[in-house]
Amino acid sequence: PVFILLHTPASSSSAAGSSPLKSLFQYIDDHQDQFIQRLAEWVAVQSESSDPAKWIEVEKMLNITAQRIREMGGSVELADVGTQQLSSGAVVPVPPVLLAEFPGDPKKATLCIYGHVDVQPAKKEDGWATNPYNLTEISGNLYGRGATDNKGPVLAWLHAVEVYQAIEQEIPLNLKFIIEGTEESGSFGLRELIMERNDSFFADVDYIVISDSVWASRNPALTYGARGSSYFFVEVDGPVDDFHSGVYGGSIHEPMTDLIALLASLVDHTGKILIPGVTDDVVPLTDSERKTYQNISFDLEDMKKVVGVKHFLQDTKVKVLMARWRHPSLSIHGIQGAFSEPGIKTVIPGRVIGKFSIRHVPSMNPPDVERKVQEHLKQVFNGLRSPNRMKVTSAIGAKPWVGKLCDNQYVAGGKAIKNVFGMEPELIREGSTVPILQDFQEVTGKSVMMLPIGGHDDGEHSKNEKISRYNFIEGTKLFAAYIYEHLMGGKND
Ligand SMILES: CC(C)C[C@H](NC(=O)CN)C(=O)O
């Protein structure tokens, strides 16, 4: 990893008061209700990618995005990324990937913006205070599934372009967009598409920017690292059916009991991963890296309130940040086939599937981790001497990413933050995963940066996900300013 602290001196061209930026910002302020109305229309589409039955909604969302880009004068291709085989055995087409570009000038540098318009599942019964698919403003916050992850930021990028067009301000960059619909399920077929289009769509791209994350505190940030992820299903299957526990309880090996033993062997109550060898490759901590965590304005007390806990597994800010950004973690997400409705049911489920994931950090290697998980679970299951069958499958294998802080676009990002928020950017990493991030860097060799606009308390993936009106609107200004601050016609060096 590169840990160079960035200094972003204010340049004469980067004064917030200079007239193009002033006009751009004024237009954004004047049109904020219209921008929020458009976000409400996007949030209303239930584009959950975890359930292939809902891919029709994902495609609807991609078509709405395509239509908006065409209305703005961009050309759009909805690229085929193949098929997926479902657990039922059925083979279904994956939602396409949107590739778009605006008319360009070969003398200018080219920026490619990546985002996704699929969302994690959400139901009012999960405990939402409002309907998750009806964007609702309460006390300056816009609540709705996808408001921050990632419909709000994708829309903010389109609004930033719209603003240039509306005030007839020349855009100092060529712009391309790559928008997908299965990020929340591992980005099916996207790596292959990038490889296939490396010499065409990506050939003239200089910079790739991704706004699919949140700030670490109340301070605006530039993000230079993200964890990877491997997602696992461990299935235990035995009795031919679900059975009455009064009849069979005590005489059969219950799949759920086996599964609980398997899941309990993965991680302990302190968060320590128990799978042999999984943490062996984590890069050692250096003094200079440790120092980078000390200056982050992350407020532990504030974070406890956001999360609703008395304490974390770690007792200092630095340790909590390191746990989020530079150490792997293992989380257990759910059990399919288990009785999870309210009330009483005394059944022994005949087949259950446990779901868990491991967040990877440099220099972990997902295939290597997957092999160790397989070996470990096999060994634990053998020890149970159960007649049931166990199957472990890995659904996602996304690598961790570390960007290059010396790239030009971090300077443009820093200046843009100064223009909009009047402060230096915080240089942060991200605990969550954008599955395609490292592939972008590895396959295209281009400069990649994350430029988040989400707030630290936005609650991505959880109930009551939101983006604040402030972050959505100032974030739109940030993107407009970032475009403006980019080296006019400059290529990354
Ligand atoms: C691989 C995961 C499903 C990706 C997901 N990504 C994001 O939340 C990005 N905002 C994650 O859980 O990290």
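For ligands, and for the atoms within them, numbers begin at 1 and follow the listed sequence. The first residue of the sequence shown is numbered 1, and numbering continues consecutively from there.
Side-chain contact check for Arg326 versus Glu289: some heavy-atom pair is nearer than 4.5 Å.
Protein heavy atom at the shortest distance from atom 12 (O) of ligand 1 is Arg359 NH2, 2.9 Å. Residue, atom and distance of the protein heavy atom nearest to atom 8 (O) of ligand 1 are His461 NE2, 2.8 Å.
In this structure, atom 2 (C) of ligand 1 has its sub-4.0 angstrom surroundings free of protein heavy atoms.
Other residues, nucleotides and ligands contribute over 12 non-hydrogen atoms within 6.0 Å of the CD1 atom of Ile332.
Between Asp212 and ligand 1 there is a heavy-atom distance shorter than 4.0 Å. Within the structure, the closest approach of Glu183 to ligand 1 falls below 4.0 Å when heavy atoms are considered.
Taking the six-membered ring where tryptophan is involved, the planes of His159 and Phe472 are perpendicular, since the angle between them exceeds 60° and thus also 30°.
Look at Lys466 and Glu460 and you find no salt bridge, because none of the NZ, NE, NH1 or NH2 atoms lies under 4.0 Å from a carboxylate O.
Relative to the ring axis of Tyr231, Lys355 does not place its NZ or CZ within 45° and under 6.0 Å from the centre.
Residue Ile396 approaches ligand 1 through these ligand atoms, each under 4.0 Å from one of its heavy atoms: 1 (C). Using a 4.0 Å cut-off to heavy atoms of Glu184, the atoms of ligand 1 that qualify are 3 (C), 5 (C), 6 (N), 7 (C), 8 (O).
Considering each of Thr433, Val434, Thr148, the one bringing a non-hydrogen atom nearest atom 6 (N) of ligand 1 is Thr433.
For the 3.5 Å distance criterion, the side chains of Thr223 and Arg429 fail to qualify, holding no donor opposite an acceptor.
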